[in-house]
J.: 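The structure's right below; bear with me while I get my questions together.
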Amino acid sequence: MLFRDAVRTTTGTGARVGAHRPVRTGLRTGALAVIVAAALVSCTQASSGGGPGADVPTASADPADRARSAEDTENADLAEREATAEEPAVVPTPGPALVRDAFATLQATLDDTCTPGAGDCAYFLGRVTRELTELDESMRADDKGPGHFKKPLADMKVLFDKLGDDRSEAHLETYFSEIVGTRDGINTWMQDHPDDYR
């Protein structure tokens, strides 16, 4: 219909015929021009890599290419999730307790004891050994330096060398006298150095 109107206007008797084209014909011509322009823009974007689907990878006939593309997408998604994941708050590891605090917990064992062989020594000897270990760490980390605590550190080293890594009840009971004696000797030494525990 559009071409018929165009032919009619150009084959008319004069220039006046084309000037009297119906309004409907003008709208059709305008619509055709818009459609042609849109098609040209679409073709231009498709050939230049632009357009609405520009970021979508083209489908490949090769299954290996499709698998690599899917793997790359999955890796990118994983990396993005890891990057945006909230990092857990890091809890600082506390250093050794102050000497006075470590000694206070050791002193709390002074009235406790057990009977080797009676089956009641696991807790007591385990606790005293743990308290001595913590006191050893505190004395080594103290600002006064380990030289200030030379005697108690030497006594604890002798005990720890005998105990080794075995903290079983039977093993600790074997060294009952050494464990209790080291505890009591350190208590006496600390009483003579009140500035270290008050």
Side-chain angles (χ1 to χ4, degrees), residues 55 57 60 62-198:
D55 57 346
S60 171
D62 184 7
D65 288 344
R66 281 192 300 235
R68 276 194 297 274
S69 177
E71 186 178 340
D72 290 345
T73 302
E74 185 179 328
N75 289 341
D77 290 345
L78 178 62
E80 185 177 332
R81 283 194 303 272
E82 288 174 353
T84 57
E86 183 179 334
E87 292 191 18
V90 178
V91 179
T93 305
L98 296 174
V99 170
R100 63 181 174 80
D101 295 338
F103 178 61
T105 58
L106 179 67
Q107 270 189 312
T109 70
L110 286 177
D111 294 331
D112 297 340
T113 190
C114 70
T115 306
D120 63 346
C121 283
Y123 171 77
F124 169 70
L125 292 176
R127 179 178 175 193
V128 173
T129 303
R130 185 178 63 249
E131 301 296 352
L132 288 170
T133 301
E134 291 175 4
L135 182 60
D136 179 84
E137 292 170 356
S138 297
M139 287 179 170
R140 291 181 190 285
D142 192 81
D143 292 340
K144 293 177 183 176
H148 178 74
F149 301 99
K150 191 173 180 179
K151 171 82 168 102
L153 287 173
D155 292 346
M156 287 186 279
K157 182 179 181 336
V158 169
L159 174 66
F160 297 149
D161 286 346
K162 289 179 181 177
L163 293 179
D165 294 330
D166 188 353
R167 295 295 185 264
S168 65
E169 181 178 11
H171 184 70
L172 293 179
E173 283 182 356
T174 304
Y175 295 100
F176 175 86
S177 298
E178 288 87 345
I179 293 170
V180 173
T182 302
R183 176 200 66 181
D184 295 347
I186 289 174
N187 180 60
T188 301
W189 187 92
M190 290 293 280
Q191 297 297 334
D192 291 337
H193 298 79
D195 54 313
D196 291 320
Y197 72 92
R198 287 186 182 164

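Numbers for residues simply follow the sequence, beginning at 1. What you see below is based on every heavy atom in this structure, not just the backbone, and it leaves out hydrogens, waters and symmetry mates.
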J.: Please report the closest heavy-atom contact between D166 and L172, naming both atoms and the distance.
T.: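 In this case the closest contact between D166 and L172 is O-CD2, 4.2 Å.
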J.: Classify the ring geometry between F149 and W189 as parallel (under 30°), tilted (30 to 60°) or perpendicular (over 60°).
T.: tilted
J.: Between A97 and S138, which heavy-atom pair has the shortest distance, and what is it?
T.: O-OG, 2.6 Å
J.: Run the side chain to side chain contact (heavy atoms under 4.5 Å, CB included) test on I186 and T182 for me, step by step, so that the C-alpha distance in whole Å, both residues' side-chain angles and the decisive distance to 0.1 Å come before the verdict.
T.: CA-CA 6 Å; I186 289 174; T182 302; 3.9 Å; yes
J.: Could you tell me whether the side chain of Q107 and the main chain of N187 form a donor-acceptor pair under 3.5 Å?
T.: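 Checking the backbone N and O of N187 against the side chain of Q107, no donor-acceptor pair under 3.5 Å is found.
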J.: Do side-chain atoms of T188 reach the backbone of D184 as a donor and acceptor pair under 3.5 angstrom?
T.: yes
J.: For the CD1 atom of I179 and the CZ atom of F160, what is their distance to the nearest 0.5 Å?
T.: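 The distance works out to 9.5 Å.
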J.: Mind listing the closest non-hydrogen atom pair of R167 and T129 along with its distance?
T.: NE-CG2, 3.4 Å
J.: Take L106 and E134, measure what side chain to side chain contact (heavy atoms under 4.5 Å, CB included) needs, and give me the verdict at the end.
T.: CA-CA 9 Å; L106 179 67; E134 291 175 4; over 6 Å; no
J.: I'd like to know if the side chain of E169 reaches the main chain of C121, judged simply by a donor and an acceptor atom lying under 3.5 Å from each other, with no hydrogens or angles considered.
T.: yes
J.: What's the spacing between D155 CG and E178 CD if we round to 0.5 Å?
T.: 12.0 Å
J.: Could you walk me through whether R127 and D112 pass the side chain to side chain contact (heavy atoms under 4.5 Å, CB included) check?
T.: CA-CA 10 Å; R127 179 178 175 193; D112 297 340; 4.1 Å; yes
J.: Are there over 12 heavy-atom neighbours, none belonging to D143, within less than 6.0 Å of that residue's CG?
T.: no
J.: I need the M156 CE to E137 CD distance, nearest 0.5 Å.
T.: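 CD of E137 is found 10.0 Å from CE of M156.
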J.: Nearest 0.5 Å, what's the CG-OH distance between L159 and Y175?
T.: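 So the CG of L159 and the OH of Y175 are separated by 9.5 Å.
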J.: Which residues pass the salt bridge (charged side-chain N to carboxylate O under 4.0 Å, His left out) test with R140, sequence neighbours left out?
T.: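 R140: salt bridge (charged side-chain N to carboxylate O under 4.0 Å, His left out) contacts with D136.
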J.: As a quick check of understanding, evaluate side chain to side chain contact (heavy atoms under 4.5 Å, CB included) for M190 and V99, giving each step before the final call.
T.: CA-CA 10 Å; M190 290 293 280; V99 170; 3.7 Å; yes
J.: What heavy-atom pair brings R100 and R198 nearest, and what distance separates the two atoms?
T.: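 Looking at all heavy atoms of both residues, the closest pair is CD-O, 4.1 Å.
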J.: By salt bridge (charged side-chain N to carboxylate O under 4.0 Å, His left out), which residues pair with D161, not counting sequence neighbours?
T.: K157
J.: Kindly compute the distance separating SG (C114) from CZ (F176), expressed to the nearest 0.5 Å.
T.: 4.5 Å
J.: Specify the closest pair of heavy atoms between L135 and F103, including all atoms of both residues, with the distance to one decimal.
T.: CD1-N, 3.8 Å
J.: Give the minimum heavy-atom separation between R183 and L132, together with the two atoms involved.
T.: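 Looking at all heavy atoms of both residues, the shortest contact is CA-CD2, 4.3 Å.
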J.: Taking only residues two or more places apart in sequence or in another chain, which ones pass salt bridge (charged side-chain N to carboxylate O under 4.0 Å, His left out) with K144?
T.: D195, D196
